[in-house]
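In what follows, every heavy atom counts, from backbone to side chain, and hydrogens, waters and symmetry copies are set aside. Just follow the structure's listing: the first ligand is 1, and inside any ligand the first atom is 1. This is a predicted model, so every value here is computed, not measured.
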Amino acid sequence: MSNKSNINVKVQQPQKQQIKLSFSAGNVKLKFAVMSGKGGVGKSLITASLAVGFALRGLKVGVLDADIYGPTIPKLLGLVGSPLYYDDKRDLIIPTVGPLGIKVVSIDFLLPSENSAVIWRGALVTKAIEDFLSKVDWGDLDVMMIDLPPGTGDAPLTIAQALSGQLTGSIIVSAPGDVSGRIVKKAIDFSRKVKVPVIGVIENMCCFTCPDTGKTYYLFGEPEGKRIAEEANVPFLGEIPLDSRVSEANNAGIPFLLKYPDIEASKKLMTVVDSLIGRFKDELSKQTKREIRLMKLPGEEESPSTGNEEGDN
Ligand SMILES: Nc1ncnc2c1ncn2[C@@H]1O[C@H](COP(=O)(O)OP(=O)(O)OP(=O)(O)O)[C@@H](O)[C@H]1O
Ligand SMILES: [Mg+2]
C-alpha cells in the first residue's frame with residue numbers, strides 16, 4: 001500500500017515573463033488604453049469614436065489597435081484593406097492615415113484577408129506590440145488611443161503589463177446589467193493591478209432614446225456605471241446611448257460622429273471628449289520638442305541637427 005504522504009509531487013509554476021516596452025518613435029502627450037471587463041461592450045467603437053472626437057477638436061491623434069486577435073479599428077474607421085508602409089531606411093512602420101488625419105496601426109493591415117484569424121502565442125503578440133510601439137513613425141501626437149484586447153485574461157494582461165508606466169491611464173468601457181456591473185469592478189481592479197491609473201468609466205449602450213418621442217428607455221435596467229465608478233472611487237466619464245445609426249455608420253466605415261453629429265450619442269461622446277481635454281489641458285498645452293532633420297541635397301552628408309523649433313515649456 002502506498003502512503004500518500006510519501007508521494008512527492010513538484011508543481012512547477014509557469015514562468016511569467018514580463019517585458020517592458022517603450023514608445024521610441026515620436027512624442028505622444030496623452031496615451032489612453034481602452035479596456036473592458038468582457039467582450040462586446042463597444043470598446044473598439046468607443047476607442048475609435050474618442051479618437052475621432054479628439055481629432056474633431058483639432059488634436060493630432062493616433063490609434064494603436066492592440067487587439068491583435070480581434071482587430072476592428074480599421075473597419076470602424078473605414079480603412080479595411082489599407083496598406084501599412086515600412087520605411088526600411090529608418091526601420092520604421094508608417095501608420096495608415098484615416099479620417100481627419102488620424103494615424104492608425106493595426107495587425108489587420110497585415111492580414112491577407114478580412115476573415116483571416118491571428119493564431120499567435122503570447123511571445124509573438126508581445127513582439128508585434130513592441131514593433132507597433134517602438135518601430136512606428138507616430139510623429140508628434142496629442143493623443144494616442146490604444147484598443148486593448150477584451151477582458152482581464154492573458155492577452156490584455158501581457159499587453160497592459162508591457163505598457164504599464166507609459167500610459168496616461170485606462171478608460172474602462174462598461175455596458176449595463178448586473179453581470180457587467182461585477183465585470184467592470186474586475187476591470188478597474190485589473191487596471192490598478194497592472195499599475196495603469198484609471199481615468200474613468202464610460203457606460204456604453206446605457207439606454208435607448210426613441211427618435212419619435214424623445215423618451216429615454218433603460219432597456220437593461222437602471223445604468224450602474226456611475227454608481228460602480230463612485231464606489232470604486234474613479235471618475236464616471238459619461239454614458240452613450242444605444243442607437244442603430246451608431247452601428248450602421250461605423251460598421252460601414254464612416255464614424256458616426258461624422259455621419260450623425262446631431263444625434264444624442266454624438267453629443268454625449270463629445271461631452272466625454274471635452275471633459276478629457278479640460279482635465280488634461282496642461283499636458284496638451286505643452287509644446288512639442290521636435291528633432292529637426294535638415295533635408296540634404298544629393299551628395300551632401302547627412303548630419304542631423306537638433307533644435308527646439310516650438311519651444312519646450
Ligand atoms: N452605442 C451603441 N449603439 C449601437 N451600436 C453599438 C453601440 N456601441 C457598440 N455598438 C455596436 O456593437 C458591436 C460591438 O462593438 P465593438 O466591436 O466596439 O465591441 P468590443 O467591446 O470592441 O468587442 P470585442 O470584445 O469583440 O472587441 C458593434 O457592431 C458596434 O457597432
Ligand atoms: Mg473590439
K.L.:
Considering heavy atoms of the protein only, find what lies nearest to atom 11 (C) of ligand 1 and give residue, atom and distance to 0.1 Å.
P.N.:
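Scanning the protein heavy atoms, the shortest distance from atom 11 (C) of ligand 1 goes to Ser247 CB, 4.0 Å.
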K.L.:
Verify the distance test for Thr72 against the Mg ion (ligand 2): any N/O/S atom under 2.8 Å, yes or no.
P.N.:
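So Thr72 does not count as coordinating the Mg ion (ligand 2).
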K.L.:
Enumerate the atoms of ligand 1 whose separation from the nearest heavy atom of Asn251 is less than 4.0 angstrom.
P.N.:
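Those of ligand 1 that fall under 4.0 Å from Asn251 are 29 (O), 31 (O).
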K.L.:
Counting from 1, what ligand 1 atoms have a heavy atom of Lys43 closer than 4.0 Å?
P.N.:
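Per the distance check, 18 (O), 19 (O), 20 (P), 21 (O), 22 (O).
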K.L.:
Which atoms of ligand 1 are found less than 4.0 Å from any heavy atom of Gly39?
P.N.:
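Once the distances to Gly39 are compared, the set is 25 (O).
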K.L.:
Do Thr96 and Phe109 come close enough that some side-chain heavy atom pair is under 4.5 Å?
P.N.:
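The answer is yes; the side chains approach within 4.5 Å.
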K.L.:
Within the structure, does Met205 bring an N/O atom to less than 3.5 angstrom of an N/O atom in ligand 1?
P.N.:
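Such a contact does not occur with ligand 1.
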K.L.:
Flag yes if more than 12 heavy atoms outside Lys226 fall under 6.0 Å of its NZ atom; otherwise flag no.
P.N.:
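Not more than 12 within 6.0 Å, no.
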K.L.:
Output the list of atoms in ligand 1 that are nearer than 4.0 Å to some heavy atom of Val41, sorted by atom number.
P.N.:
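Checking each atom against Val41, I get 21 (O).
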K.L.:
Evaluate the side-chain proximity of Phe236 to Glu203: yes if any heavy-atom separation is below 4.5 Å, no if none is.
P.N.:
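A side-chain contact under 4.5 Å exists here.
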K.L.:
May I ask you to establish whether Lys215 and Tyr217 are in a cation-pi arrangement, using a distance under 6.0 Å from NZ or CZ to the six-membered ring centre and at most 45° from the ring axis?
P.N.:
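Pair Lys215/Tyr217 counts as cation-pi.
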K.L.:
Which residue supplies the protein heavy atom nearest to atom 15 (O) of ligand 1, what is that atom called, and how far is it?
P.N.:
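Sorting protein heavy atoms by distance from atom 15 (O) of ligand 1 puts Gly42 CA, 3.6 Å first.
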K.L.:
Does Asn250 reach ligand 1, in the sense of a heavy atom lying below 4.0 Å from it?
P.N.:
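The answer is no, since Asn250 has no heavy atom less than 4.0 Å from ligand 1.
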K.L.:
Output the list of atoms in ligand 1 that are nearer than 4.0 Å to some heavy atom of Pro150, sorted by atom number.
P.N.:
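Here the atoms of ligand 1 in question are 25 (O).
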K.L.:
Any nitrogen or oxygen of Gly70 lying under 3.5 Å from a nitrogen or oxygen in ligand 1? Just yes or no.
P.N.:
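No, there is no polar N/O contact under 3.5 Å.
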K.L.:
Quick one: does Lys38 get an N or O within less than 3.5 Å of an N or O on ligand 1?
P.N.:
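For ligand 1, there is no N or O atom that lies under 3.5 Å from one belonging to Lys38.
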K.L.:
Counting only heavy atoms, tell me which of Pro241, Ala265, Ser36 gets closest to atom 1 (N) of ligand 1.
P.N.:
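Heavy atom nearest to atom 1 (N) of ligand 1 belongs to Pro241.
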K.L.:
Does Tyr85 have more than 12 heavy atoms from other residues, nucleotides or ligands lying within 6.0 Å of its OH?
P.N.:
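Counting other residues, nucleotides and ligands, OH of Tyr85 stays at 12 neighbours or fewer.
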K.L.:
Got an N/O contact under 3.5 Å between Val246 and ligand 1?
P.N.:
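Min N/O separation from ligand 1 is not below 3.5 Å for Val246.
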K.L.:
Heavy atoms of the protein only: does one fall short of 4.0 Å from atom 13 (C) of ligand 1?
P.N.:
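It does not; no protein heavy atom is within 4.0 Å.
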K.L.:
Please confirm whether Leu76 comes within less than 3.5 Å of ligand 1 when only nitrogen or oxygen atoms on both sides are compared.
P.N.:
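The answer is no, given that Leu76 and ligand 1 share no N or O pair closer than 3.5 Å.
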K.L.:
Report, in ascending order of atom number, the atoms of ligand 1 lying under 4.0 Å from any heavy atom of Leu242.
P.N.:
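Reading through ligand 1 atom by atom, the close ones are 1 (N), 3 (N), 4 (C).
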K.L.:
Is there a polar contact between ligand 1 and Ser44, counting only N or O atoms under 3.5 Å apart?
P.N.:
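By distance alone, the answer is yes.
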K.L.:
Do Leu79 and Ile94 land in one hydrophobic cluster if side-chain heavy atoms of ILVMFWY residues count as linked below 4.5 Å?
P.N.:
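No, separate clusters.
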K.L.:
Would a 4.5 Å heavy-atom cut-off, applied to side chains only, mark Lys43 and Asp67 as touching?
P.N.:
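When only atoms from C-beta onward are counted, Asp67 and Lys43 do touch, with a gap below 4.5 Å.
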K.L.:
Start with the C-alpha distance between Lys29 and Asp142, add both sets of side-chain angles, then the distance that settles salt bridge (charged side-chain N to carboxylate O under 4.0 Å, His left out), and finish with yes or no.
P.N.:
CA-CA 5 Å; Lys29 291 173 187 168; Asp142 293 306; 3.1 Å; yes
K.L.:
Is Asn204 in polar range of ligand 1, meaning some N or O pair under 3.5 Å apart?
P.N.:
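Indeed, backbone or side chain, Asn204 has an N or O that close.
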K.L.:
If you take all heavy atoms of Ser191 and Ser170, which pair is closest and at what distance?
P.N.:
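For Ser191 versus Ser170, the nearest heavy atoms are OG-OG, 2.8 Å.
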K.L.:
Taking it one step at a time, do Asp274 and Arg57 satisfy salt bridge (charged side-chain N to carboxylate O under 4.0 Å, His left out)?
P.N.:
CA-CA 8 Å; Asp274 290 337; Arg57 292 291 187 246; 2.7 Å; yes
K.L.:
Looking only at protein heavy atoms, which one is nearest to atom 26 (O) of ligand 1, and how far off is it?
P.N.:
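Going by distance alone, atom 26 (O) of ligand 1 is nearest to Gly40 N, 4.2 Å.
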K.L.:
Just to be sure I'm reading this right: ignoring hydrogens, which of Ile263, Leu269, Asp243 gets closest to atom 4 (C) of ligand 1? Compare them by their nearest heavy atoms.
P.N.:
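Ranked by closest heavy atom to atom 4 (C) of ligand 1, first place is Asp243.
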K.L.:
I'd like to check Ser44 versus Leu76 (side-chain heavy atoms, cut-off strictly below 4.5 Å). Are they in contact?
P.N.:
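Side chain of Ser44 against side chain of Leu76, heavy atoms only: contact under 4.5 Å found.
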K.L.:
Counting distance only, does the side-chain N/O of Ser266 pair as donor-acceptor with the main-chain N or O of Tyr260 below 3.5 Å?
P.N.:
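Side chain of Ser266 to backbone of Tyr260, a donor-acceptor pair under 3.5 Å: yes, one is there.
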K.L.:
Closer than 4.0 Å to some heavy atom of Asp67 - which atoms of ligand 1 meet that?
P.N.:
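In order of number, 27 (O).
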K.L.:
Tell me which protein heavy atom sits closest to atom 18 (O) of ligand 1, plus the residue, atom name and distance to 0.1 Å.
P.N.:
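In this structure, atom 18 (O) of ligand 1 has Leu45 N, 2.8 Å as its nearest protein heavy atom.
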K.L.:
Return yes when atom CG of Asn233 has more than 12 non-hydrogen atoms of other residues, nucleotides or ligands closer than 6.0 Å, and no otherwise.
P.N.:
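No - once you tally the heavy atoms of other residues, nucleotides and ligands closer than 6.0 Å, there are 12 at most.
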K.L.:
For Asp189, which of Arg192, Lys193, Lys185, Lys186 qualifies under salt bridge (charged side-chain N to carboxylate O under 4.0 Å, His left out)?
P.N.:
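Of Arg192, Lys193, Lys185, Lys186, salt bridge (charged side-chain N to carboxylate O under 4.0 Å, His left out) with Asp189 is met by Lys193 alone.
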